[in-house]
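Right, one structure below, let's go through it.
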Amino acid sequence: MRTVSGGTRLPSAAAAHRHGGDEANGGGPDEGEPQHALAEYPGVNGDEPDDEPSDARLIEASLSAPERFAGVFDRHADEIHAYAGRRLGPEHADDVTAETFFVAFRKRHRYDTSRPDARPWLYGIAGNLISGHRRAEVRRLRALARAPHDAGERGAHEEERGAERASAAALRPALAAALARLSSAERDLLLLVAWADLSYEETAEALRIPIGTVRSRLHRVRAKLRRHLNLPEED
């Protein structure tokens, strides 16, 4: 088992292997079987190099030694859990995180190992799972929109910055209402950039669309959000 922030216990990659990972990948070595095949992968055979192995290296190694996928989980589970919690609330974050890594484990043989960082791939999987809870997300945003307004000193432009950086738990009501009016696909695009802090290229990878499409769609989504917030158009 592995844990994410808050003490939540989630299944490890080895557990995923026992629950069907071998079927997805055509089988793997039994526990206790010599792992000499991993000698070519620095940092995954017990000898730690100066630099830790990339996600791609760990995923490639996990094809013959499934337990090595736990390294990917350990690196990214907290981040995926936090993102799911921002989108859906803590009641769904555990399930989305666990399922994200189960799906990733089952599909690891399809991973493009020319991409060293698995974050965009994992966020893409998580986004697909979150989309299955779109009604819960909208209900959450509408509930936040009905929360008492905090008459603080932050102005409209800070509220716009909140759309880019704040967590859903801290959203001001007007911003929560504006996000609720976006489509699920529009929220996915905006929040991968804003909350997951993915680059345009990484967002394109996560959503499997061209980077030019990311730029044009994000421009439209931001303009739509500004209209919902009654903010002036950007120059």
*What closest approach, in Å, do Leu192 and Ala196 show between heavy atoms, and which atom pair accounts for it?*
O-CB, 3.2 Å
*In Å and rounded to the nearest 0.5 Å, what is the CG to CZ distance from Leu88 to Arg139?*
10.0 Å
*Are Leu179 and Leu225 close enough that some pair of their side-chain heavy atoms sits under 4.5 Å apart?*
yes
Would you give me the side-chain donor-acceptor pairs under 3.5 Å for residues 123-132, sequence neighbours excluded?
residue : atom : partner : partner atom : Å
Tyr123  : OH   : Glu79   : OE2          : 2.9
Asn128  : ND2  : Gly124  : O            : 3.4
Ser131  : OG   : Asn128  : O            : 2.5

*Just grab all the salt bridge (charged side-chain N to carboxylate O under 4.0 Å, His left out) pairs involving residues 181-197, residues at least two apart or on different chains.*
Arg87-Asp188, Glu137-Arg187, Glu186-Lys224
*Quick one: pull up CD in Glu60 and OG in Ser54 and give me the separation to the nearest 0.5 Å.*
8.5 Å
_Gap between atom CG of Asp95 and atom NE2 of His133 - 0.5 Å precision_ = 7.0 Å
*asked:* Pair Phe101, Phe69 - check side chain to side chain contact (heavy atoms under 4.5 Å, CB included), show working.
replied: CA-CA 9 Å; Phe101 284 92; Phe69 194 81; 4.2 Å; yes
_Distance (rounded to the nearest 0.5 Å) between Thr213 OG1 and Leu218 CG_ = 12.0 Å
*Working to the nearest 0.5 Å, report the span between NE2 of His76 and OH of Tyr83.*
16.0 Å
*Taking the six-membered ring of Tyr111 (Phe, Tyr or Trp), confirm whether the NZ or CZ of Arg108 is under 6.0 Å from its centre and within 45° of its axis.*
no
*Please name the pair of heavy atoms, one in Ala176 and one in Leu141, separated by the smallest distance, quoted to 0.1 Å.*
CB-O, 3.4 Å
*Please name the pair of heavy atoms, one in His228 and one in Leu182, separated by the smallest distance, quoted to 0.1 Å.*
CD2-CD2, 4.3 Å
*If you look only at pairs with a residue in residues 201-211, which of them pass as a salt bridge (charged side-chain N to carboxylate O under 4.0 Å, His left out), with sequence neighbours excluded?*
Arg115-Glu205
*asked:* Looking at every heavy atom in both Ile59 and Ala118, which two are closest together, and how far apart are they?
replied: CD1-CB, 4.1 Å
*Between Arg140 and Gly85, which heavy-atom pair has the shortest distance, and what is it?*
NH2-O, 3.7 Å
*Contact summary for Val72 and Asp55, nearest pair of heavy atoms*: CG2-O, 4.3 Å
